[in-house]
Amino acid sequence: MTNDIDRAEPAAPKGHGFAADVLDGLSRAEKRLSCLYFYDAAGSELFDEITRLPDYYPTRVETDILAANGEEMLDGADEDSALVEFGSGSSRKTELLLERAPRLALYAPIDVCASALEKARARLSARFPHLRVCPIVADFSRPAPLPAALADRRRIGFFPGSTIGNFTPDEARALLLAMRVLLGPGGRLIVGVDLKKDPSRLIAAYNDAHGVTAAFNLNLLARINRELGGGFDLSGFCHQAIYDARAGRIEMRLVSRRRQTAKIGGRDFAFSRGEAIHTEDCYKYGVDEFRVTASDAGWTPGRVWTDAEALFSVHELRAP
Ligand code: SAH
Ligand code: AVI
């Protein structure tokens, strides 16, 4: 991979390890934590719960799009092709594609969450005995070579879930460019992108009535307590999700309910009442807006699949 991926300044601290990034992020004038750290074992379980919520339409709608069009998306995938997935999580959506591409011989899911990868590997290996599954525990936004098993294969990338929306537009362009280089000449990428829509629908998806998204957000503080010996009182923070229409993104925050101090690694971090830790951005795109972003990253945009309500889109990108 090239160094292009490093060009954009990350909006949230990331890449120096959990402890260093947490200390850096909480030392800033506007406190931030990277959404990458949501996904320990507990966080991945909570995300799976989110995907089953009635309010969280993206998983349901994207799954329907993949079920209806998966065969077409993977046309031409054969014994020499490999499917490389970025941020695979439970690999539930991938299962739909694998059912529709029976000749595909190799699947390489990449995720930071080792427990999610292992569960998915066990399930997929039992369900598709002919399929070689090569899980990779890694941050896909940092340059790393692919395993040798992928070297001589035609690579099809799969990046579902609108995880691309968790990167700023500059980061998204750099990431798409790095993926193009990684997938190689003649490579393709199938990428799921959540669409701009009525803000009330977006707010409901990120502020669900069951409080699961709140638990997912607060798990970040619980993880700091578990892994870094942090002293956060979780009852002192509340979940907030707002839509910034100008930026086209949902912003998730953890807001301090009172004046308080939390100790982490021997350091005190003070919070005023109402002070927020910014934990995640979820950018939403228009179909053409995303095609322009992909073109800027050197891809040739191809087919686009959407649902009848135009809630979600799946794009085919081709490396020239
Ligand atoms: N693809 C699944 C899961 C989406 S949740 C779906 O569409 O439902 C986002 C997943 O991406 C999580 O499993 C998380 O651990 C992973 N992830 C997020 N950022 C990542 C990164 N930079 N590198 C590797 N994995 C990442
Ligand atoms: C993984 N990612 C695309 C999800 C999203 O919708 O941005 C994460 C999420 N955050 C809150 N709910 C779901």
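In listed order, ligands and their atoms are each counted from 1.
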In this structure, does ligand 1 have an atom that sits under 4.0 Å from one of the heavy atoms of Thr163? yes

Identify whether Leu46 and Val112 are in the same connected component of the hydrophobic contact network (ILVMFWY, side-chain heavy atoms under 4.5 Å). yes

Cut-off 3.5 Å, side chains only: do Asn166 and Thr163 have a donor facing an acceptor? no

Would you please indicate yes or no on a ring centroid separation below 6.0 angstrom for Tyr107 and Phe128? no

Any side-chain donor paired with an acceptor under 3.5 Å for Arg92 and Thr51? no

Of all the atoms in ligand 1, which lie at a distance below 4.0 Å from a heavy atom belonging to Ala138? 23 (N), 24 (C)

When you compare the side chain of Glu171 with that of Ser141, does any pair of heavy atoms fall below 4.5 Å? no

Which of the ligand 1 atoms, numbered from 1, are nearer than 4.0 Å to a heavy atom of Asp139: 21 (C), 22 (N), 23 (N), 24 (C)

Under 3.5 Å, is there a donor-acceptor pair linking the side chains of Thr168 and Asp170? no

Non-hydrogen atoms of Ser162 versus ligand 1: any pair closer than 4.0 Å? no

Could you tell me, for ligand 2, which of its N or O atoms are under 3.5 Å from any protein N or O, listing the pairs and their distances rounded to 0.1 Å?
unit_1	atom_1	unit_2	atom_2	d
ligand 2	2 (N)	Asn166	OD1	2.9
ligand 2	6 (O)	Tyr56	OH	2.5
ligand 2	6 (O)	Tyr206	OH	2.5
ligand 2	7 (O)	Asn166	ND2	2.9
ligand 2	10 (N)	Glu280	OE1	2.7

Taking atom types as modelled, is there a side-chain donor on Thr261 or Asp268 under 3.5 Å from an acceptor on the other? no

Taking N or O atoms only and a 3.5 Å limit, does Gly87 qualify as a polar contact for ligand 1? yes

Backbone or side-chain N or O of Val112 under 3.5 Å from ligand 1 N or O: yes

Any N or O of Thr51 closer than 3.5 Å to N or O of ligand 1: no

Below 3.5 angstrom, do we get any N/O pair linking Asp111 and ligand 1? yes

Can we call the ring centroids of Phe232 and Phe237 under 6.0 Å apart? yes

Which is closest to atom 7 (O) of ligand 1 in terms of heavy atoms, Lys93, Arg142, Glu85? Lys93

Where does Phe86 meet ligand 1, judged by heavy-atom distances below 4.0 Å: at the side chain, the backbone, both, or neither? neither

Any nitrogen or oxygen of Phe140, main chain or side chain, under 3.5 Å from a nitrogen or oxygen of ligand 1? yes

Arg32 pairs by salt bridge (Lys or Arg N to Asp or Glu O under 4.0 Å) with which of Asp24, Asp21, Asp281? Asp281

When rounded to the nearest 0.5 Å, the distance separating NE2 of His278 from OG of Ser34 is 10.5 Å

So for Ser44 against ligand 1, with non-hydrogen atoms under 4.0 Å, the contacting part is neither

Which ligand 1 atoms does Gly89 reach within 4.0 Å, using its non-hydrogen atoms? 13 (O)

With a 4.0 Å cut-off on heavy atoms, does Pro160 reach ligand 1? yes

Side chain, backbone, both or neither: Tyr39 near ligand 1, heavy atoms under 4.0 Å: side chain

Using a strict cut-off of 4.0 Å, indicate which atoms of ligand 1 neighbour a heavy atom of Ser88. 1 (N), 2 (C)

Here the atoms of ligand 1 under 4.0 Å from any heavy atom belonging to Gly161 are 7 (O)

Distance-only polar pair, side chains of Arg226 and Asn219, donor-acceptor under 3.5 Å: yes

Just go through Leu36, Leu117, Leu175 and tell me whose heavy atom is the nearest to atom 21 (C) of ligand 1. Leu36

With ILVMFWY side chains joined below 4.5 Å, transitively, what does Leu117's cluster contain besides itself? Val137

Heavy-atom neighbours of Arg127 CZ exceed 12 at 6.0 Å: yes

Any Met179 side-chain heavy atom under 4.5 Å of Val191 side chain: no

Is the gap between the ring centers of Phe216 and Phe38 under 6.0 Å? yes

